[in-house]
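Note that the structure is predicted; figures quoted are calculated from it, not measured. The figures that follow rest on heavy atoms only: side chains count, while hydrogens, waters and symmetry mates do not. In listed order, ligands and their atoms are each counted from 1.
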Amino acid sequence: MSRRDDGVAVVAGGSFRMRCPRCRHENRETARFCGECGASFGRGIACPRCATFNPVSQRFCDSCGQQLASTGTPERARDLRAYTPRHLIEKILTTRSALEGERKQATVLFADMVDSMRLAERVDAEEWHRVLDRFFQILAAGIHRFEGTINQFTGDGVMALFGAPVAHEDHARRGCHAALHMMDELRGYASGLGVRGLEFSVRMGLNSGEVVVGTIGDDLHMDYTAQGHAGGLAARMEQVAAPGTVYVSEHTARLVEGFFTLRDHGTPPMKGVSTPVRVFELEGIGPLRTRLDAAGVRGFSRLVGREEDLAWLDGILARVLESNGQVMGVVGDAGVGKSRVCLEFVNRCRARGIAVQEAHCPAHASTVPLLPIRELLRSYFALGDGDPAEMVRRQIADQLLALDPGFQDALPLVLDLLGVPDPDAPDISAASHDRLGGFLRRFIRLRSASEAVVLLLDDAHWIDRASDALVGELAAAVRGTRTLLVANFRPEYRPAWTGGSHYHQLPRGAAGDRGHPGDGAVPAHRARRSARRGGKARAAGGGRHRQAVRRAASQSRRRARRSPPRRGAERAPGGGVHPRGDAVPGAAIRVQAPADP
Ligand SMILES: Nc1ncnc2c1ncn2[C@@H]1O[C@H](COP(=O)(O)OP(=O)(O)OP(=O)(O)O)[C@@H](O)[C@H]1O
Ligand SMILES: [Mg+2]
């Protein structure tokens, strides 16, 4: 018998057993308490060096000798609750009995300050305490922004989980977004400290795999069992990362490919890991934004069974082209094809020369205010991702003032919202909902005077609260304009803007459906003429984002021709765990009970 580095004994025949740290009795791998003496297995401290779980009573790791954080040092006193937002505490504690004992796919993240001991010696204890406190605040804010949870403080870093205890189908993407966000924030903080000779760097590591959630304490400390080294490997990733970088294992890389840019660093030797594991450096955001983008890169299957729905949408559009703006909700359970049917519809619109502006609501950003509204405006102003701030400011100002010189007043607000504030303008702290709403109403009306526009709001079930309120303004503003607002969402999301005589819903017959729009529909040739009136025909393939996705698709096809598909490549990006429409293309868009966590 040998011992795995996560404290689990390996017995002959390859199955794992848990040896009780108190009485040495051998228990089943899944045991949560010792069958002999009743000791709890869950509660333990992950070693900051090798991630082995140690009993809380130990001062040193019994696997590698590292001093454990929870030994009366100030870090031990770090209160998880103090660093966790109230809504997340409530979510975890109110559902903990259901969460405990669950098996979940999750992504484990380790973050660690490099050479913290050396740094600590340079300043007095009080100042060092302040530095660490700010450091942990930045880490906690980044992790919670993407709905991860801090599992424990590891002295000069943290161990965090995404996807457990709160399930998230896109746990790996959330982990990577959090890592990049924290790195950005920490770089800013560290360079500020650098002036005082205290500059620090951080390294991070991520791995994805199965975990079993154990007991969750009132203090939010959570025990979990990592199956197949999920936690240990994340710690190894962090250890092999160069200072200032984020490394992810091949398991995480497979789930986020295309959503992030990754640099292959081969299979470096790692202590305690016998099978070589490929590691990748997480460099930045990639060209893909949605799972549908990813499905498109792999190659869409032929669209089946949606012609009737598309004809219905066309009928609604015909009304819009006659200056009778409408709002359309496409509603259905996860994976039934809402985004796909909307994509087909907007592609057909583009092919007819109708302008399309898109905004997506990513699952990982439902707590990030105004992301879809920003995307919508960026789409309207045709802004590229890497465009320099000065160029972006000029582009926005030119377009807005050409629409209406009166927009001069709103310009600082819009520039601020889009992250390129005018350095000479007075500070716009917390742009008010009313001002933004007023701007959007006026903007939509003026733009629609010169061209017909289709606004697509994709995956609106993940919209943040601030954007949701502003979409309400948009839905009201499209009346009497040549603007069609199409949103798709799961039935658990019940937006306030789904009423009114200009609201329609797919599937037909559901609330808000006002009869077949084909009744009295405008003939196609008139619709085309109306669309062209004053409007610039858009390239059939859409905006800059779509071009980037197409580039990713052709690169992926070239890669696929060069090498056989990798094991697991057919998994849904983001580690989707729900039964989705991929298996049943053309499944009805039905209103059903919510399926998602
Ligand atoms: N009618 C169809 N014909 C062929 N493939 C389809 C069809 N509808 C959906 N699919 C495929 O099924 C998968 C899931 O579709 P889609 O992403 O549109 O679902 P969704 O309803 O938007 O899910 P979610 O609620 O998670 O956003 C995609 O790969 C899509 O290409
Ligand atoms: Mg969707």
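Note on R173 versus E147: no salt bridge recorded, every NZ/NE/NH1/NH2 to OD/OE distance being 4.0 Å or above. Using a 4.0 Å cut-off between a side-chain N of Lys or Arg and a carboxylate O of Asp or Glu, D459 and R289 do not qualify as a salt bridge. Checked for salt-bridge contact, K338 and E344 miss the test: no charged N lies under 4.0 Å from a carboxylate O. Ion pairing between E322 and R482 fails under the 4.0 Å rule for side-chain N and carboxylate O. Under a 4.0 Å N-O distance rule, the pair R465/D468 does not qualify as a salt bridge. Ion pairing of R278 with D264 is present here, as a side-chain N (NZ or NE/NH1/NH2) and a carboxylate O approach within less than 4.0 Å.
Of the residues L484, V346, L343, the one that meets the side-chain contact (heavy atoms from CB on, under 4.5 Å) test with L456 is V346.
By heavy-atom distance, the residue among H360, E344, R340 lying nearest atom 6 (C) of ligand 1 is R340. Residue nearest to atom 20 (P) of ligand 1, selected from K338, E307, R298: K338 (by heavy-atom distance).
Taking any N or O of S339, backbone or side chain, at least one lies under 3.5 Å from an N or O belonging to ligand 1. Between L292 and ligand 1, no pair of N/O atoms sits closer than 3.5 Å. Geometrically, ligand 1 and W462 share no nitrogen or oxygen pair separated by less than 3.5 Å. Of the polar atoms of G332, none of the N or O atoms is found under 3.5 Å from an N or O of ligand 1, judged by distance alone.
Contacts of A295 with ligand 1, taken as heavy-atom pairs under 4.0 Å, involve the side chain alone. By the criterion of a heavy-atom distance under 4.0 Å, both the backbone and the side chain of L303 are placed next to ligand 1.
If you number the atoms of ligand 1 from 1 as listed, the ones under 4.0 Å from a heavy atom of D459 come out as 27 (O). Within ligand 1, the atoms closer than 4.0 Å to a non-hydrogen atom of R306 are 1 (N), numbered from 1 in the order shown. Shown in contact with R490 at under 4.0 Å from a heavy atom are these atoms of ligand 1, numbered in order with element: 24 (P), 25 (O), 26 (O). In the vicinity of S301, heavy-atom distances shorter than 4.0 Å reach the ligand 1 atoms 4 (C), 5 (N). If you number the atoms of ligand 1 from 1 as listed, the ones under 4.0 Å from a heavy atom of R302 come out as 3 (N), 4 (C). Atoms of ligand 1 found under 4.0 Å from any heavy atom of F300 (numbered from 1 in listed order, with element): 31 (O). Residue R291 approaches ligand 1 through these ligand atoms, each under 4.0 Å from one of its heavy atoms: 24 (P), 26 (O).
Legend: residues meeting salt bridge (Lys or Arg N to Asp or Glu O under 4.0 Å) with R479, ordered by chain and number and at least two apart, are absent. Legend: residues meeting side chain to side chain donor-acceptor pair (under 3.5 Å) with S366, ordered by chain and number and at least two apart, are absent.
Between F439 and F443, the two ring planes are parallel [angle under 30°; tilted spans 30° to 60°]. Using cut-offs of 30° and 60° for the angle between ring planes, the H364 and F146 rings count as tilted.
G305 does not count as a contact of ligand 1, since none of its heavy atoms falls under 4.0 Å from the ligand. Ligand 1 is approached by D333 to a heavy-atom distance shorter than 4.0 Å. A heavy-atom separation below 4.0 Å is found between A334 and ligand 1.
The Mg ion (ligand 2) is the vertex of the angle joining OG of S339 and OD1 of D459, which measures 100° to the nearest 10°.
In this structure, D464 contributes its side chain and S467 its backbone to a donor-acceptor pair below 3.5 Å.
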